[in-house]
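The first residue in the sequence is number 1, and the count goes up from there.
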Amino acid sequence: MATPDIAQMLSRIDLFAGLSGRQLKQLTARAKEVHHEPGQSVTSEGNVALGFHLIVEGEALVTQGGVERRRLGPGDHFGEISMIDGQRRSATVTAETPLRTITVSHATFGELLDQDPGFARTLLTVLCARLREAERREAAASA
């Protein structure tokens, strides 16, 4: 299941870009391929659906409170926050076409963090960068 193309796709995601080749290989080996039919909810807002999804094929629609927020396609991803913190989903993602995703569950990711603290160090760096960017945008908006 885990192909070099999937590893390459994962390495392009900021959250995983700093992983070593060995760490990326571990992540890819534990990922699962999931197929979703058109109209099927991949995740539902407010539900606990613990996992990260990378779209390999197809298109999906993201809604919050029933309002369309964006459309996703190959190379796009969602669920990284839930994969890390195990909390409820902030949006619903519905397959618009036949959809194939690569999924990493919260439990699987937790095992990787326990086995290799370098995973956590990499994540912290990325999450800090995201927080700084959000703070910068908030300061610019209120200026």
About how many Å separate [atom2] of [Y] and [atom1] of [X], when rounded to the nearest 0.5 Å?
X: Asp14; Y: Thr125; atom1: CG; atom2: OG1; answer: 11.5 Å
X: Leu61; Y: Glu68; atom1: CG; atom2: CD; answer: 4.5 Å
X: Gln40; Y: His35; atom1: CD; atom2: NE2; answer: 11.5 Å
X: Ile102; Y: Asp5; atom1: CD1; atom2: CG; answer: 10.5 Å

Under the rule for side-chain contact (heavy atoms from CB on, under 4.5 Å), what residues qualify as partners of [X], not counting sequence neighbours?
X: Asp116; result: Arg22, Gln23, Gln26, Phe119
X: Arg12; result: Gln8, Met9
X: Thr108; result: Arg30, Val104, Ser105

Query - Residues that His36 engages under ring pair (Phe, Tyr, Trp, His ring centres under 6.0 Å), provided they are two or more places apart - result: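 If we apply the ring pair (Phe, Tyr, Trp, His ring centres under 6.0 Å) test to His36, skipping adjacent residues, there are no hits.
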
Report task. With sequence neighbours excluded, tell me which residues meet side-chain hydrogen bond (donor to acceptor under 3.5 Å, both in side chains) with Arg136. Result ->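 Scan of Arg136 (side-chain hydrogen bond (donor to acceptor under 3.5 Å, both in side chains), adjacent residues dropped) gives Glu133.
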
Query - With sequence neighbours excluded, residues passing side-chain hydrogen bond (donor to acceptor under 3.5 Å, both in side chains) with Gln64 - result: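 Testing Gln64 for side-chain hydrogen bond (donor to acceptor under 3.5 Å, both in side chains), a comparison that skips the adjacent residues, returns Arg69.
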
Query raised in the report: If you take all heavy atoms of Pro74 and Gly58, which pair is closest and at what distance?
Result: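 Scanning both residues, the minimum pair turns out to be CD-O, 3.3 Å.
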
Query raised in the report: Nearest heavy-atom pair of Ser11 and Leu24: which atoms, and what distance?
Result: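 Between these two residues, the closest heavy atoms are CB-CD2, 3.5 Å.
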
Query raised in the report: Between Leu27 and Lys25, is a side-chain contact (heavy atoms from CB on, under 4.5 Å) present by the stated rule, with each step listed?
Result: CA-CA 5 Å; Leu27 178 64; Lys25 188 174 180 179; over 6 Å; no

**Report entry** Arg130 atom CZ, over 12 foreign heavy atoms within 6.0 Å
**Finding:**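 Yes, the 6.0 Å shell around CZ holds more than 12 heavy atoms from other groups.
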
Query - Within residues 8-34 or reaching into it, pairs that qualify as ring-ring contact (aromatic ring centres under 6.0 Å, His included) - sequence neighbours excluded - result: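 For residues 8-34, and leaving out neighbouring residues, the ring-ring contact (aromatic ring centres under 6.0 Å, His included) pairs sorted by first residue read Phe16-Phe52.
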
Query raised in the report: Restricting to pairs with a member in residues 121-143, which pass ring-ring contact (aromatic ring centres under 6.0 Å, His included), not counting sequence neighbours?
Result: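 Output for this query is empty, none listed.
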
Report task. Check whether Leu127 and Leu113 end up in the same hydrophobic cluster, where Ile, Leu, Val, Met, Phe, Trp and Tyr are linked by side-chain heavy atoms less than 4.5 Å apart. Result ->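 Linked, Leu127 and Leu113 end up in one cluster.
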
Measuring only between side-chain heavy atoms, which start at C-beta, is [X] closer than 4.5 Å to [Y]?
X: Leu54; Y: Asp76; value: no
X: Val56; Y: Thr101; value: no
X: Thr43; Y: His53; value: yes

Report task. Could you walk me through whether Leu123 and Leu15 pass side-chain contact (heavy atoms from CB on, under 4.5 Å), step by step? Result -> CA-CA 6 Å; Leu123 286 176; Leu15 193 63; 3.0 Å; yes

Query raised in the report: salt bridge (charged side-chain N to carboxylate O under 4.0 Å, His left out) with Arg100: which residues, sequence neighbours excluded?
Result: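 Listed in chain order: Glu33, Glu57.
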
Requested in this report: With side-chain contact (heavy atoms from CB on, under 4.5 Å) as the test, would you mind laying out the steps for Phe78 and Val62 before giving the verdict?
Outcome: CA-CA 10 Å; Phe78 56 94; Val62 179; 5.9 Å; no

List the atom pairs, with distances to 0.1 Å, where a side-chain N or O of residues 90-99 and a protein N or O form a donor-acceptor pair under 3.5 Å, not counting sequence neighbours.
residue : atom : partner : partner atom : Å
Thr92   : OG1  : Glu45   : N            : 2.8
Glu96   : OE1  : Arg71   : NH1          : 2.7
Thr97   : OG1  : Glu59   : N            : 2.8

Report task. Kindly state each residue pair satisfying salt bridge (Lys or Arg N to Asp or Glu O under 4.0 Å) with at least one member in residues 34-44, sequence neighbours excluded. Result ->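 Every pair satisfying salt bridge (Lys or Arg N to Asp or Glu O under 4.0 Å) with a residue in residues 34-44: there are none.
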
